[in-house]
Amino acid sequence: MSSLVRLPKNFYQQNTFKVAKGLLGKYLIRKDKKQILIGKIVETEAYYGPFDLASHASRGKTERTKIMFDQPGLAYIYLIYGMYYCFNIVTESQNFPAAVLIRAIEPTAGIKQMVRNRKCHPELSRRVTPPHCHSSTELTMTMRLTNGPAKLCQAFKIDKKLNGHNLFTSKILYLAENTKEKIKPSQIQSAKRIGIDYAGQYKHKPWRFYLKNNPFISCK
DNA sequence: CCTGGGATTTTCT
DNA sequence: GAAAATCCCAGGA
């Protein structure tokens with residue numbers, strides 16, 4: 001059925017924006033005990049270099065940010081707002097701090113387990129219209145499962161324990177492509193990044209990328 | 001429809 | 001001691 005091929009290290013060892021766009025349509029695979037969770041990446045953000053004021057790396061190499069300075073293809077996972085995790089993938093080359101944040105995923109396999117991991121029950125059937133969306137775009141349960149960077153970490157059981165994890169050798173967390181699926185440049189929309197009002201000039205950069213008309217993205 | 005606030009704890013000043 | 005690459009819910013119009 002699925003002809004998923006793992007992404008090699010040299011996929012990550014490229015320009016960050018190329019990787020951020022290239023990850024759209026690729027698959028995140030998480031194996032936890034006997035469960036396998038799979039989803040298609042539909043939204044990303046680029047955090048590029050020591051000068052990008054939105055990037056943690058703009059304040060230099062610290063205990064937390066050292067992963068961003070490490071080799072491409074590592075997972076950079078950090079705690080945010082005291083209660084959530086965000087999942088990034090290190091890009092470029094050693095000593096150049098850059099990464100791609102995974103902001104939204106379209107669940108493909110293991111959806112029942114994701115619901116359990118997210119701990120939201122029957123109220124998932126509640127009617128919800130997200131901000132920035134028209135009232136006609138009502139989201140189903142599945143669409144709200146992984147449409148945000150912290151939500152997808154909960155659903156895929158990604159936390160600090162996987163910080164620094166190697167995605168091109170790991171058996172439990174990695175990325176793959178379906179060689180039959182190709183994303184055309186015309187399917188990709190760019191926009192401002194979310195939640196970085198402190199970033200000065202850099203808050204206006206269109207360094208967020210998502211698949212046009214995909215209902216699983218976090219916002220327009 | 002929209003706005004605002006609370007949760008919760010690591011990280012850096 | 002302040003802020004944080006978020007999410008969820010309550011309340012008012």
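Numbers restart at 1 for each chain; the letters A, B, ... are given by sequence-line order, proteins then strands.
Looking only at side-chain heavy atoms (C-beta outward), Thr16(A) and Tyr47(A) stay at 4.5 Å or farther from each other. With a 4.5 Å cut-off on side-chain heavy atoms, Leu37(A) and Met114(A) count as touching. In this structure, the side chains of Thr44(A) and Arg103(A) stay at 4.5 Å or more apart for every pair of heavy atoms. No side-chain heavy atom of Lys205(A) sits under 4.5 Å from any side-chain heavy atom of Lys192(A).
Of all the residues in residues 41-69 of chain A, Thr62(A), Arg64(A) reach under 4.0 Å from DNA chain B with at least one non-hydrogen atom. Of the residues in residues 201-213 of chain A, none lies under 4.0 Å from DNA chain C by heavy-atom distance. Of the residues in residues 82-89 of chain A, those placing a heavy atom less than 4.0 Å from an atom of DNA chain B are Gly82(A), Met83(A), in numerical order.
Salt-bridge check for Glu181(A) with Lys26(A): failed, with every basic side-chain N at 4.0 Å or more from each acidic carboxylate O. Ion pairing between Arg193(A) and Asp52(A) holds under the 4.0 Å rule for side-chain N and carboxylate O.
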Side chain to side chain contact (heavy atoms under 4.5 Å, CB included) for Val100(A) and Leu23(A)? Distances and angles first, verdict last. CA-CA 9 Å; Val100(A) 173; Leu23(A) 282 173; 3.9 Å; yes
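For Leu79(A) and dA4(C), the CG to C1' distance is 9 Å, given to the nearest whole Å. For Tyr78(A) and dT9(B), the OH to C1' distance is 15 Å, given to the nearest whole Å. Leu101(A) places its CG atom 10 Å from the P atom of dC7(C), with the value rounded to the nearest Å. Nucleotide dA2(C) holds its P atom 19 Å from the OH atom of Tyr198(A), rounded to whole Å. In this structure, CD1 of Ile102(A) is placed 16 Å from C1' of dT6(C), rounded to the nearest angstrom.
Dense packing is recorded around NZ of Lys9(A), with more than 12 heavy atoms of other residues, nucleotides or ligands lying under 6.0 Å away. Residue Gln94(A) places its CD atom among more than 12 non-hydrogen atoms of other residues, nucleotides or ligands, all under 6.0 Å distant.
The aromatic rings of Phe51(A) and Tyr48(A) sit perpendicular to each other, their planes meeting at more than 60°, with 30° as the lower class boundary.
Scored by the side chain to side chain contact (heavy atoms under 4.5 Å, CB included) test, Ile29(A) finds Leu4(A), Lys31(A), Ile36(A), Ile38(A), Tyr174(A), Ala176(A) as partners (sequence neighbours excluded).
The separation of dG5(B) from dA3(C), taken at their P atoms, amounts to 15 Å, rounded to a whole angstrom. Rounded to whole Å, the separation between the P atoms of dG6(B) and dA2(C) comes to 16 Å.
Heavy-atom distances to DNA chain B give each of Tyr81(A) and Lys160(A) a nearest nucleotide, and the one nearer the 5′ end belongs to Tyr81(A).
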Read 5' to 3' with Watson-Crick or G-U pairs under 3.5 Å, [ ] for crossing pairs and | for partners on another strand, DNA chain C gives ||||.|||||||.
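Looking at Thr65(A) and Thr62(A), their side chains do bring a donor and an acceptor atom within 3.5 Å of each other. No side-chain donor from either of Lys119(A) and Gln154(A) sits under 3.5 Å from a side-chain acceptor of the other.
Across all strands shown, Ile80(A) has heavy atoms under 4.0 Å from sugar-phosphate atoms exclusively, and none from any base.
Sequence neighbours left out, the pairs with a member in residues 161-172 of chain A that pass salt bridge (Lys or Arg N to Asp or Glu O under 4.0 Å) are Asp159(A)-Lys161(A).
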